[in-house]
*Asks:* 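Quick one: the structure is below, questions incoming.
All heavy atoms count here, side chains included; hydrogens, waters and symmetry mates do not.
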Amino acid sequence: MATIKVKQTRSRIGSPEDQKRTLDALGLTKMNKVVEHEDTPVIRGLIRKVHHLVTIVE
């Protein structure tokens, strides 16, 4: 199955608690950290929730 790389580009400081938990669920704990996940609808939904804090890396 295809994979997707996600990079945290903005700080979590000042974000609501649910968005912080979403970043934790994605495995993003620091700025500029890149994680790789299977490209599933669940992961896409998590990314959509914090789209303003992350970018998708090619």
*Asks:* So which heavy atom on L26 is nearest to which on V35, and how close?
*Replies:* O-CG2, 3.3 Å
*Asks:* Which residues pass the side-chain hydrogen bond (donor to acceptor under 3.5 Å, both in side chains) test with H52, sequence neighbours left out?
*Replies:* Q19
*Asks:* Who are the side-chain hydrogen bond (donor to acceptor under 3.5 Å, both in side chains) partners of T3, not counting sequence neighbours?
*Replies:* E36
*Asks:* Is I47 close to I4 at the side-chain level, that is, under 4.5 Å between some pair of heavy atoms?
*Replies:* yes
*Asks:* Show me the donor-acceptor pairs within less than 3.5 Å that the side chains of residues 27-34 make with the rest of the protein, sequence neighbours left out.
*Replies:*
none

*Asks:* Suppose the criterion is salt bridge (charged side-chain N to carboxylate O under 4.0 Å, His left out): which pairs have a residue in residues 39-58, not counting sequence neighbours?
*Replies:* D18-K49, D39-R44
*Asks:* Side-chain heavy atoms under 4.5 Å apart, restricted to Ile/Leu/Val/Met/Phe/Trp/Tyr: what other residues fall into the cluster of V42, or is it alone?
*Replies:* none
*Asks:* Under the salt bridge (charged side-chain N to carboxylate O under 4.0 Å, His left out) rule, what pairs show up with a residue in residues 5-16, not counting sequence neighbours?
*Replies:* R12-D24
*Asks:* Could you pull out the closest heavy-atom pair between L53 and S15, with the gap in Å?
*Replies:* CD1-OG, 3.8 Å
